[in-house]
Undergrad: 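Handing you this structure, nothing more for now.
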There are 2 protein chains.
Amino acid sequence: MGRNRATLADVARRAGLSKTAASMVLNGREGTRLSAEAHQRVFAAAEELGYRPNLAARSLRTRKTATIAFVSDIVATTRFAGDLIRGALDAARERDHVLLITETQGDATFEQYAIEAVLDRQVDGVIYAAMATRRLTVPAAILGGPVVLLNATSPDGLPSVVPDDEGAGRSVASALLELGHRDAIALIGRNRLKEDDPEVSLAARARLHGIQQTLDEAKVRLLAECFCTEWLPEHGYAAMRSLLSKPKRPSAIICMNDRLAFGAYQALGEAGLTVPEDISVISFDDDPIAAWLRPSLATTALPHEQMGRRAVELLLDGGAAEPSLVPMPLRRRRSLAPPAG
Amino acid sequence: MGRNRATLADVARRAGLSKTAASMVLNGREGTRLSAEAHQRVFAAAEELGYRPNLAARSLRTRKTATIAFVSDIVATTRFAGDLIRGALDAARERDHVLLITETQGDATFEQYAIEAVLDRQVDGVIYAAMATRRLTVPAAILGGPVVLLNATSPDGLPSVVPDDEGAGRSVASALLELGHRDAIALIGRNRLKEDDPEVSLAARARLHGIQQTLDEAKVRLLAECFCTEWLPEHGYAAMRSLLSKPKRPSAIICMNDRLAFGAYQALGEAGLTVPEDISVISFDDDPIAAWLRPSLATTALPHEQMGRRAVELLLDGGAAEPSLVPMPLRRRRSLAPPAG
DNA sequence: ATGCTCTGCTAAATCAGTTTAGCGACCACT
DNA sequence: AGTGGTCGCTAAACTGATTTAGCAGAGCAT
């Protein structure tokens with residue numbers, strides 16, 4: 001890779017100047033007193049030789065690599081990881097930086113390895129990303145330089161970027177209230193573990209809080225709440241069936257995520273009920289399936305791309321130390337309608 | 001990042017030896033005649049100081065960075081990208097390498113930028129990945145060093161890794177034949193553009209070829225073939241409805257991907273038909289939704305993780321120049337049954 | 001005593017940049 | 001004539017590793 005590239009010395013020689021002069025011109029240093037003609041000659045020589053600086057050599061001296069480490073627990077198993085990475089990639093490119101990506105798979109040995117690997121490469125900063133919004137403690141080794149937490153918070157008060165799940169909870173509840181749903185709203189996806197242990201999830205508690213706050217203000221109580229051990233389609237399916245087996249049928253369902261909603265759709269379909277005429281459904285995440293469902297599913301979008309972008313901005317441009325909340329936009333789709341009655 | 005790390009000079013000083021000696025010991029150079037005691041002292045000093053080599057300095061001299069560029073057209077929009085990356089990440093870690101990830105978004109300017117960025121960082125090789133299996137021409141700039149194409153082939157005869165779509169086509173057709181389906185198999189997802197332009201897709205043609213070859217051998221002809229402009233759920237839905245409007249109802253459906261199958265499921269549900277009792281469904285990709293559908297969808301899995309892994313192996317360990325075909329395993333699930341009759 | 005080989009180690013060059021310190025020429029001022 | 005300042009530029013040090021070339025001393029044979 002990169003055989004016989006022109007070096008700075010080549011450029012200087014061709015311009016008839018010293019390496020110092022060439023370096024200063026190419027780096028656009030202020031306060032230097034090189035003539036306009038010298039500038040011309042250097043630029044021309046660099047152009048002709050197709051000169052590109054060797055970043056290894058540069059960073060040896062400057063201790064800057066224009067490289068950011070993106071260390072995450074798991075990139076592959078969630079479909080959202082890509083968006084997080086893409087946002088970070090875009091923002092990094094705009095600032096002439098590049099991303100070194102590693103994955104710890106939640107394994108301490110791998111994490112150790114990943115951190116050494118990136119520190120050895122003198123990265124300018126670390127984005128430490130979690131795939132489920134949660135609280136975590138970052139390894140001490142990376143605290144020597146700039147760190148931003150992505151989709152996570154930490155007790156250390158490090159800068160962090162998280163989605164505004166509480167705001168999303170309010171949006172979801174408000175959307176139903178506006179349509180006239182009041183005394184027959186059911187919730188699918190309560191989960192003690194996710195709600196109570198911030199190291200497992202911050203989203204569950206925040207979403208729930210946003211929903212309840214909004215309903216309380218409207219003096220509305222939930223018709224029913226279903227607990228689910230996981231937030232997967234099969235659990236949404238089971239929860240929906242149990243709701244339908246009760247005497248009073250809900251007019252609207254809030255699902256804690258789209259996969260639960262997908263399961264709920266299946267149960268509704270089997271029961272011969274139609275969305276949204278019989279029951280409205282609204283949810284969280286904006287998983288791609290939300291748009292594919294029939295009818296399309298209203299949901300609040302996890303702004304992953306925005307978040308990835310924000311993390312890079314915080315890292316390179318500096319910013320607030322308190323958690324940076326990224327709004328979750330409501331996607332109004334066809335699964336919403338006023339209550340049937 | 002990496003404030004006051006111990007340098008090789010520090011280690012040498014503490015061991016009471018020269019940098020040369022320290023370097024040779026730590027790199028485990030053969031043929032050197034340093035005493036056992038010298039070895040001990042260097043190792044001890046390195047250990048005590050927590051020495052880690054500065055890779056920028058090393059690579060300046062050796063022109064090796066232990067870094068691989070992963071350049072892809074689009075990582076975010078497809079959920080599979082993560083698996084490709086994860087496989088590459090794993091294989092890279094096993095070889096003490098790390099991945100520099102960039103995205104071109106199919107934009108020539110971005111591509112130019114991405115390539116310069118990775119070449120400037122002296123990467124040891126480039127994995128050039130496409131998100132849809134297709135043929136492409138790689139930019140000349142990266143041909144100076146090792147390159148492996150991932151999920152793509154090129155006219156240049158570069159080493160490449162692609163899924164065995166033709167084999168998948170044979171698996172799918174065989175699975176139906178084995179169950180006894182013969183004269184009522186329909187296909188959803190024919191598409192001239194995908195089949196005829198290798199720069200758009202290689203998968204469509206190969207899958208179709210595998211299917212037809214197997215059916216031909218069994219002297220079976222397809223009952224019907226539906227053309228779809230895209231392979232999205234809505235197109236599968238429309239195709240399925242049109243099939244059901246015809247006089248002879250199919251006993252089994254082959255969908256060219258899982259998203260089409262998802263749409264087909266929706267149409268079957270609305271028509272009051274059950275899978276697999278009334279109609280079997282089988283498909284390609286093993287998208288996560290395939291396992292979430294009710295009943296779960298039989299499909300052939302795109303072995304993305306394997307492919308990412310193989311690409312790194314080919315790049316670092318060397319290997320065949322002809323395209324490396326990675327098998328697509330058949331996931332037998334509940335959407336298959338013998339024909340009703 | 002001389003030359004030779006082998007052992008165990010080191011000085012210095014090298015990679016490709018950035019940065020510090022300073023040089024010579026010219027001009028102005030006293 | 002001497003001094004000081006500015007202008008336009010350069011030599012050399014420096015970053016932290018690897019690598020080449022070679023040195024001092026011991027052991028042995030001639």
Side-chain angles (χ1 to χ4, degrees), chain A residues 1-43 45-46 49-67 119-124, chain B residues 1-42 45-46 49-67 96 119-124:
Chain A
M1 221 85 251
R3 207 111 344 274
N4 44 358
R5 286 163 57 117
T7 70
L8 184 64
D10 297 330
V11 172
R13 196 171 316 119
R14 182 168 193 119
L17 288 165
S18 67
K19 282 200 310 176
T20 311
S23 170
M24 286 174 158
V25 168
L26 293 175
N27 290 315
R29 283 276 285 261
E30 305 281 317
T32 175
R33 295 169 309 210
L34 292 158
S35 64
E37 203 223 325
H39 276 78
Q40 296 299 337
R41 292 220 305 274
V42 170
F43 286 131
L49 297 173
Y51 171 71
R52 301 229 96 220
N54 179 325
L55 296 190
R58 170 180 290 170
S59 73
L60 180 54
R61 186 77 233 256
T62 61
R63 338 206 119 247
K64 298 237 157 291
T65 50
T67 301
L119 292 183
D120 288 353
R121 284 169 180 79
Q122 318 277 126
V123 295
D124 294 344
Chain B
M1 219 86 249
R3 212 122 332 284
N4 42 358
R5 287 162 55 119
T7 71
L8 184 64
D10 297 330
V11 172
R13 197 172 312 120
R14 183 171 192 118
L17 288 164
S18 68
K19 283 197 311 176
T20 310
S23 170
M24 287 174 156
V25 168
L26 292 175
N27 289 316
R29 284 277 285 259
E30 305 280 316
T32 175
R33 298 166 307 216
L34 291 159
S35 64
E37 204 222 323
H39 277 79
Q40 296 301 336
R41 292 220 305 275
V42 171
L49 296 174
Y51 171 71
R52 303 227 94 222
N54 178 326
L55 296 190
R58 170 180 290 170
S59 72
L60 179 56
R61 186 80 239 256
T62 61
R63 336 207 120 249
K64 297 238 157 292
T65 49
T67 302
D96 267 326
L119 292 183
D120 288 352
R121 285 169 182 79
Q122 318 278 124
V123 296
D124 294 343

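Throughout, protein chains are lettered first and strands after them, A, B, ... in sequence-line order, and every chain is numbered starting at 1. All values below were derived from every heavy atom in this structure, side-chain atoms included, with hydrogens, water molecules and symmetry-related copies excluded.
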Undergrad: What nucleotide among D:dC9, D:dA17, C:dC9 has an atom nearest to a side-chain atom of B:L8?
TA: D:dA17

Undergrad: Please name the pair of heavy atoms, one in A:R41 and one in A:G16, separated by the smallest distance, quoted to 0.1 Å.
TA: NH2-O, 3.9 Å

Undergrad: Write down the atom of B:Q122, the atom of B:T65, and the distance for their closest heavy-atom approach.
TA: O-OG1, 2.9 Å

Undergrad: Over all heavy atoms of both residues, which pair between B:A66 and B:D124 is shortest? Give the atoms and the distance, please.
TA: N-OD2, 2.8 Å

Undergrad: Does the distance from a Lys or Arg side-chain N to an Asp or Glu carboxylate O, for A:R5 and B:D120, drop under 4.0 Å?
TA: yes

Undergrad: When the distance from CZ of A:R121 to P of D:dA17 is rounded to whole Å, what number comes out?
TA: 14 Å

Undergrad: Can you check the B:R29 CZ to D:dT20 P distance for me, whole Å?
TA: 7 Å

Undergrad: Rounded at 0.5 Å granularity, tell me how far CZ in B:R13 sits from CG in B:L49.
TA: 9.5 Å

Undergrad: Is the shortest side-chain N/O distance from B:T62 to OP1 or OP2 of D:dA17 below 4.0 Å?
TA: no

Undergrad: Look at the side chain of A:R61 against the base of D:dT15 and say whether a donor-acceptor pair falls under 3.5 Å; ignore hydrogens and angles.
TA: no

Undergrad: Mind calculating the distance between CZ (B:R5) and P (D:dG16) to the nearest angstrom?
TA: 11 Å

Undergrad: Respond yes when some side-chain nitrogen or oxygen of A:S35 is under 4.0 Å from OP1 or OP2 of D:dC7, and no when none is.
TA: no

Undergrad: Do any side-chain nitrogens or oxygens of A:N27 fall under 4.0 Å of OP1 or OP2 in C:dT18?
TA: yes

Undergrad: If I take atom CD in residue A:Q122 and atom C1' in nucleotide D:dA17, what distance separates them, rounded to the nearest angstrom?
TA: 11 Å

Undergrad: Kindly state which residues belonging to residues 10-23 of chain A come within less than 4.0 angstrom of DNA chain C, counting heavy atoms of the residue only, listed by number.
TA: A:K19, A:T20, A:S23

Undergrad: Out of C:dG17, D:dT15, D:dA17, which has the shortest distance to the side chain of A:R63?
TA: D:dT15

Undergrad: Quick one: bend of the helix from C:dA1-D:dT30 to C:dT30-D:dA1 from 5 pairs per end, to 10°?
TA: 90°

Undergrad: Picking from D:dA17, C:dC9, C:dG17, which would you name as closest to the side chain of B:Y51?
TA: D:dA17

Undergrad: Rounded to whole Å, how long is the line connecting atom CD of B:E37 with atom C1' of C:dC9?
TA: 13 Å

Undergrad: Under 4.0 Å, counting only non-hydrogen atoms across every strand here, what does A:R58 touch: a base, just sugar-phosphate, or nothing?
TA: sugar-phosphate

Undergrad: What is the separation between atom CG on A:L26 and atom C1' on C:dG17, rounded to the nearest whole Å?
TA: 11 Å

Undergrad: Please give, in whole Å, the distance from C:dT7 P to B:M24 CE?
TA: 15 Å

Undergrad: For a quick test of your reading: what N or O donor-acceptor pairs under 3.5 Å do the side chains of residues 20-32 of chain A make, sequence neighbours left out?
TA:
| from | atom 1 | to | atom 2 | distance (Å) |
| --- | --- | --- | --- | --- |
| A:S23 | OG | A:N27 | ND2 | 3.4 |
| A:N27 | ND2 | A:S23 | O | 3.0 |

Undergrad: Considering all heavy atoms of both residues, which atom of B:K19 and which atom of B:A12 are nearest to each other, and what is their separation?
TA: N-CB, 3.7 Å

Undergrad: Can you see which heavy atom on B:V42 is nearest to which on B:V11, and at what distance?
TA: O-CG1, 4.0 Å

Undergrad: Taking atom types as modelled, is there a side-chain donor on B:T67 or A:R121 under 3.5 Å from an acceptor on the other?
TA: yes

Undergrad: Applying a 4.0 Å non-hydrogen cut-off, can you work out what B:A56 is touching in the nucleic acid: base, sugar-phosphate, or nothing?
TA: nothing

Undergrad: In whole Å, I'd like the distance from the CG atom of A:L34 to the P atom of C:dC23.
TA: 18 Å

Undergrad: If you compare all heavy atoms of A:L34 against all heavy atoms of A:A38, which two are closest, and at what distance to 0.1 Å?
TA: CB-CB, 4.4 Å

